[in-house]
Amino acid sequence: VEPGEGNQETPFSFELPGWKSMEEGLVIRGIEQGGGFRGGQGGYQPVRSAVFKKFSTRSMRPVVNFETCIKCTLCWLQCPDTCFDVTPDGLYDANMESCCGCGVCEAVCPVPDCITMVNEAEFNDNNSEWEAWQKDKDGYQQWMTALIEKQKQVDRTHGFHHVGGYAEEIAKVEGD
Amino acid sequence: MTTVEQAQLFQTENEELISGSEAIAIACALADVDVITAYPIRPYDTVMQYVSKLKADGSFDCDFIVAESEHSQFEIVKHASSVGARTFCGSSGVGWFYAFEAITVTAGLRLPVVAMVGNRALDDPGAFGVEHNDALAVRDLGWMLYWVATAQEALDTALLAWRVAEDPRVFLPFAVSCDGSFLTHSQAIVRVPTLDKVRQFLPNYDRGRLQLHPDNPITVAPQVNEDWLMEIRRQTDEAMRRSVGVIKEAYNEFKGIFNRGDPSPFIEEYMMDDAEIVLVGMGTLSLPVRVAIRRMREQGKKVGFLRIKFFRPFATEEVREALSNCKAVGVIDRDYSYGSPSFGGVLFNELRSVMYPLEKRPLILSFVAGLGGREVMVRDVDQMVDIVEQAVNTGKIEQENTWIGVRE
């Protein structure tokens, strides 16, 4: 690759505070309690740290099939970063401002292909998947199906696709 | 917590014959310190003996924790300080070094721990006597660093230490350095102030929004990496810069309440008016130096002595002004810095750096003396002044660094 021929993509950039506006004493404020859903339409969105974001190192992100979700709460419960917003219709929308891409939601989801971890390079923003689905349900399904199919061609980098995946992998290795 | 006995003990101002270590232990009682940790090592251990005696006598109530090592000792006070407890601890020589991980994070976390360093030679070879290299090791880390010369100054400085360290504009740890044996084990008359006066001078420690408490949920000490670290270092740097003003303010108030103290909190000048040759040093070696200088003055020699009290923050402007009119300076280091510029001591190189921007600079010579607790005698001071005088007379420095009192 010659100079200038590489990836033209502009990496994420962040507004970082200076020493005069940062809190002293190496302190990060705890997140306050309370919250509501965006726009006050029911549901629940917890208050999150305004300064401490986790998404900058994310390499994969969850894509949710809202049609097959059975509202079991497992993703919302198990997410180590409390990144799932509860939508007014009781679904779970992974908030991309706070998701670090660990894949726990995909691993605990009991429904096949309801949550799929997809390569972060497929995305350019942190927009809400649920809002996109609300606007255009068919369009969303097509986009999501294509992404999932594409992802299936790729060797997984981490995690297991569904509950029981770990046992299957072990059995496969032992079978060899 | 103040006990009934304690309230009776410090009701009147008394003069007592006590050692430097005992003076610091009494300062702990007067300041009503909440958490004190200890681990024995000479000569610091005299402080823990006096603290436990005060506690056993019922004169003083605190959480007194004898840790299993210096590392834990300094970790415990660090954590106690983060939840809002007034703290004290200390160590000597390699014990201080063993606690170094905790010592450096204490400054990084901006926790106002006050520690007494009973200066002792670093191992090996094992020696109990004084050298300043142990305490000097924190000079770059955000600890305020003070060398005391008398038991009275040890008590007064400990009170000043909590006052300055716990000021929200500062929130930095403070090490009170006391020369082993010469200060820690030698008794002198000390005026012990009343509890009322100490309370007037020393408000309660309030960590405010930085206090680690269930009602104030915060995360302390995250991993930050290159995106944040430089800003955090700059904050600590600013706190150290601010400490200069806070020290002046607190010291002026101290003098008003207790009716004693020097014109400056940072330096002490002895026979400095019209002095052509000035010796500079820290700690108890100032006593023989003063005797020698008094005798030389009687013979008409224009000699003076400048004692550096605060090594950090270093009083750049005041030292420059004090030394701007002399012809030559001899810096006495009770430390070594192998391979340093001119193979001089630590204080020497600081001094030379302070004097560099002056247009008219005095000659500056380095002396290493009194290592491992060896006494600095009056005749040693005479020798140093002779060497400086020779440089003044010839106008040039033959040898920048000389070890004084070493057998060849």
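Throughout, protein chains are lettered first and strands after them, A, B, ... in sequence-line order, and every chain is numbered starting at 1. Please read all numbers here as calculations on a predicted model, not as lab measurements.
- By the side-chain contact (heavy atoms from CB on, under 4.5 Å) test, A:Thr68 pairs with A:Asn65, A:Val111, A:Cys114, sequence neighbours left out.
- Summarising the geometry, atom CG belonging to B:Leu210 is positioned 6.5 Å from atom CZ belonging to A:Arg29; distances are rounded to the nearest 0.5 Å.
- Heavy atoms only, all atoms of each residue included: B:Glu231 and A:Trp19 are closest at O-CB, 3.3 Å.
- Within the 4.5 Å cutoff, no side-chain heavy atoms of B:Glu238 are placed close to those of A:Lys20.
- Residues A:Glu24 and B:Thr236 fail the side-chain proximity criterion, which asks for heavy atoms closer than 4.5 Å.
- The environment of A:Gln78 atom CD is dense: over 12 non-hydrogen atoms of other residues, nucleotides or ligands sit within 6.0 angstrom.
- Enclosure of atom CH2 in A:Trp76 is not indicated, since only 12 or fewer non-hydrogen atoms of other residues, nucleotides or ligands lie within 6.0 angstrom.
- B:Arg209 touches chain A through backbone and side chain together, each having a heavy atom under 4.5 Å away.
- Atom OH of B:Tyr98 has 12 or fewer heavy atoms from other residues, nucleotides or ligands within 6.0 Å.
- In the displayed structure, B:Arg233 atom CZ is contacted under 6.0 Å by at most 12 heavy atoms of other residues, nucleotides or ligands.
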